[in-house]
Each structure stands twice: as C-alpha cells, then as structure tokens.
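Letters go in sequence order (proteins before strands), and every chain restarts at 1. Just so we're clear, the structure is a prediction, and the values are computed from it rather than from any experiment.
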Protein chains: 2
Amino acid sequence: MAAPQDRLDQMLAKLKTRNFRITPQRLAILKILASSEGHPSVERIYKQVKETFATTSLATIYKTVILLKHLNEVLELGFPDGSNRYDGNKPYPHPHVVCVRCKRILDPDLGSLSQLASEAAQKTGFKIVDHRLDFFGICPECQRKE
Amino acid sequence: MAAPQDRLDQMLAKLKTRNFRITPQRLAILKILASSEGHPSVERIYKQVKETFATTSLATIYKTVILLKHLNEVLELGFPDGSNRYDGNKPYPHPHVVCVRCKRILDPDLGSLSQLASEAAQKTGFKIVDHRLDFFGICPECQRKE
DNA sequence: CTTCATGCAAAACATTTGCAGCTGG
DNA sequence: CCAGCTGCAAATGTTTTGCATGAAG
C-alpha cells in the first residue's frame, strides 16, 4: 500500500494542476482520505473534520468527495443499503472483504482477477473498463464474539 | 438459466408456504421478476404492472420486492448512483456485466470465482457468506454506435 | 482583485411508513 | 369473516443545489 504521505502529495498535486484551490477544509479531508485504512463514510469524514473546523458543513464534504471522485483520486464504494464508503488510499478498483457485523472493510491481495475480467469480456463481447468485487462475511474479531 | 415458469412456481410456492397472499398485483410483479432477463428497476416494474393494474402504487412494488428479497427469491443489485436493479431469475450471488452506456446487465458464466473466494477467506480470516462481482464496460451494441 | 469555495438552508429524490378501506383464502 | 394487502399521502433520510459571504492565489 502507498505511504499516506505519498497519496496526500499526489492528491494535492492533482488539485493544483487542475487549478482547484487548496483550502484548509479540503486539506483536512484529503488527509483523512489519504490515510483511510478504514474506508470512511461521508458522515465519518464530516465528524473528523469538524473536530478541527467546527463550522464545516456536510455539503462541503460531499462536494470535495465528488470532486476527488471525478479526478480519480478516491474510490467510491456504494452499497445497496445506501451507505457509501470511500477509499483514497487505493483509488483504483480492487477487491474488498466486508464484515457484515462491524462493517470493517479490508483489501485482500487476490491473484487471478484480471483473468476473470478477460473471461467476462470474451464471453459477452463487452469492452470492460471497470469492476467491483466484494466478499461479505464475518471478520475474525466478530467471529470471536459469537 | 432456469425456465421462467419454474422460477414463478418456486416463488409462488414460497409465498404459499410462508402464508403470504397471492394478490393479482403480486402475481404480476412475480411474473416480471421471474422472467427478468433485463434486471429491471423498481420503476420499470412499476410501469409494467400499471399496464394491467392502472391504480397500482409504487409502495406496493417496493413492499413486494423487499418481501421477495427477504425470502431470498430475488437478488438486489444496488449501485453507487442509488439505482437498484432486481434479478428474480437467479436470486443467488453471481457475476454481472453492466453496460455503462445503456445500463443493460448480462450474466456471464465465469469459472474459478469460488477459488477467489477461498483465497480471500484464507488471507483475511473472514468467514465469507456472500459476494458481489460486477464488471463495467460497453456492450457490443453500444460499441457499434460509437 | 477576481474567482472559486464555503456554509447555510431549501430543494430534490428515492424509499419507507401509517393508516383506512378492501379482499384473498 | 378477518388478517393481511393495497394505495394514498405524508414522513424520512440522504444527497444536491442556490446563493450570499468569505478567502485563496
């Protein structure tokens, strides 16, 4: 996984290149996303930013996250129940393992996924440009609490 | 793929077993879902049902779809943009190929997915109970229109 | 300085809920 | 008959939008 500082610098560089401003609020959001081990939700980011900037609004978080998504600097993980989680650490498609109890999300290193993608392309004639792979289950910690 | 008639019968059987009533509206919804080649949205189901029952309400569609989801007779596919699509034909997890242009969704037959699941379980210690695999791309028809 | 971002509040949406009346079994 | 379903309308919850003010560059 990339060092958080690297990711932060990459994000900042992209914003500067595209002439978007670096505001204190944005910087705070970037920092959280760049080191997002926990794949935070918008609400979680909001609460963290408010610890530093008490007047920050949810709208600002949404606007920034959408901006970063369009710049391909954050990966959006939407779930059927409407919850959205964000990964600024690895902003490209990759498999996830989601605990259905505590909602923690991990990134396992899996081989042979690209193989599946070409199989899908071959069998359907689609030109594949993106993917999403989630496994749902119960994490070791929650299993212990059973 | 199961014959639509088989799926319809299975759904009806499950409803009867659990003592849920077979109303004309429900029957119409079941028929659509049982033969859901197109992975319809709630809105799409609503429009189709209204052709037969003009006074049907959206709430009824939602209630029925949620009921079927809880009975494991329909698979819900939620997407980050908030759109939900339903598959009553194969109500168990399976890979999808989604056209980002026309939104059509196909079911490719892919091997070696269970292999990935065990790899994920092994590497994370999770007890895997469900999964979701989507490939996004451009279908042959939309490629032709390029 | 000028333009863009912020933050508030209101709007927009999709989905859910409450409830009176209807109807399947 | 009568529990459960329907359909309406109102409520909900989340994300988006408009706009006046403020700050980045």
Side-chain angles (χ1 to χ4, degrees), chain A residues 11-33 40-71 73-86 103, chain B residues 11-33 39-71 73-74 76-86 103:
Chain A
M11 289 176 167
L12 288 171
K14 175 102 72 166
L15 286 180
K16 280 174 189 157
T17 301
R18 309 285 188 97
N19 281 108
F20 291 106
R21 292 181 181 164
I22 315 290
T23 65
Q25 293 90 333
R26 279 189 179 164
L27 185 57
I29 297 167
L30 293 193
K31 279 182 181 168
I32 292 167
L33 285 171
S41 63
V42 164
E43 205 62 42
R44 179 115 255 323
I45 298 169
Y46 177 52
K47 278 177 189 153
Q48 275 194 253
V49 174
K50 277 220 295 193
E51 289 173 12
T52 316
F53 300 94
T55 64
T56 302
S57 72
L58 249 185
T60 296
I61 312 292
Y62 275 108
K63 284 168 184 166
T64 301
V65 160
I66 290 168
L67 173 63
L68 291 170
K69 185 173 66 175
H70 288 143
L71 295 176
E73 290 296 328
V74 76
L75 181 71
E76 182 181 62
L77 295 174
F79 294 98
D81 65 357
S83 63
N84 277 23
R85 306 275 293 262
Y86 295 88
K103 309 303 181 195
Chain B
M11 289 177 169
L12 288 171
K14 175 102 71 164
L15 287 180
K16 280 174 189 157
T17 302
R18 309 285 188 95
N19 282 107
F20 292 105
R21 291 181 183 164
I22 315 291
T23 65
Q25 293 91 332
R26 280 188 179 165
L27 185 56
I29 296 168
L30 294 193
K31 278 182 182 168
I32 292 168
L33 285 171
H39 304 74
S41 63
V42 164
E43 205 63 40
R44 177 114 257 319
I45 297 169
Y46 177 52
K47 279 177 189 152
Q48 275 193 253
V49 174
K50 277 221 295 194
E51 289 171 13
T52 316
F53 299 94
T55 63
T56 302
S57 73
L58 250 184
T60 296
I61 312 291
Y62 276 108
K63 284 168 184 165
T64 302
V65 161
I66 290 168
L67 173 63
L68 291 170
K69 184 173 65 172
H70 288 144
L71 294 176
E73 290 297 328
V74 77
E76 182 182 62
L77 295 174
F79 294 97
D81 67 357
S83 64
N84 276 23
R85 305 275 293 260
Y86 296 88
K103 310 303 180 194

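Between B:Leu12 atom CG and C:dG24 atom C1' the separation is 14 Å, expressed in whole Å. In this structure, A:Ile45 atom CD1 and D:dT14 atom P are separated by 15 Å, rounded to whole Å. Protein atom CZ of A:Phe79 is 16 Å distant from nucleotide atom P of D:dT14, rounded to whole Å. The interatomic distance linking B:Arg85 (CZ) with C:dA14 (C1') rounds to 16 Å, in whole Å. To the nearest angstrom, C1' of C:dC8 lies 18 Å from CZ of A:Phe53. Atom pair A:Lys50:NZ and C:dT6:C1' shows a separation of 15 Å (rounding to whole Å applied). With rounding to whole Å, A:Asn19 atom CG is found 14 Å from C:dT2 atom C1'. Going from atom NZ of B:Lys16 over to atom P of D:dG4 covers 18 Å, rounded to whole Å.
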Q | From CA spacing to verdict: side-chain contact (heavy atoms from CB on, under 4.5 Å), A:Asn84, A:Val65 | A | CA-CA 11 Å; A:Asn84 277 23; A:Val65 160; over 6 Å; no
Q. Between B:Leu67 and B:Leu15, does a side-chain contact (heavy atoms from CB on, under 4.5 Å) hold up when you go through it step by step?
A. CA-CA 9 Å; B:Leu67 173 63; B:Leu15 287 180; 3.9 Å; yes
Q) How would nucleotides 16-25 of chain D be written as a contact map, 5' to 3', with B for base contact, S for sugar-phosphate-only contact and - for no contact, using protein heavy atoms under 4.0 Å? A) BBB----BBS
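Phosphate contact (OP1/OP2 of C:dG7, side-chain N/O of A:Gln25, threshold under 4.0 Å): present. A close approach under 4.0 Å does occur between a side-chain nitrogen or oxygen of B:Thr55 and OP1 or OP2 of D:dG7. One finds a side-chain N or O of A:Thr60 lying less than 4.0 angstrom from the OP1 or OP2 phosphate oxygen of C:dG7.
Tested against A:Tyr86, the residues A:Leu75, A:Val42, A:Leu77 include a single side-chain contact (heavy atoms from CB on, under 4.5 Å) partner, A:Val42.
The shortest distance between side-chain heavy atoms of A:Thr64 and A:Thr23 does not fall below 4.5 Å. Side-chain contact between B:Leu58 and B:Glu43 is present, with heavy atoms from C-beta onward closer than 4.5 Å.
With the nearest nucleotide of DNA chain C identified for both A:Leu67 and B:Glu43, A:Leu67 has the one nearer the 5' end.
Residue A:Lys47 places its NZ atom among 12 or fewer non-hydrogen atoms of other residues, nucleotides or ligands, all under 6.0 Å distant.
Side chain of B:Lys69 to backbone of B:Glu76: no donor-acceptor contact under 3.5 angstrom is found.
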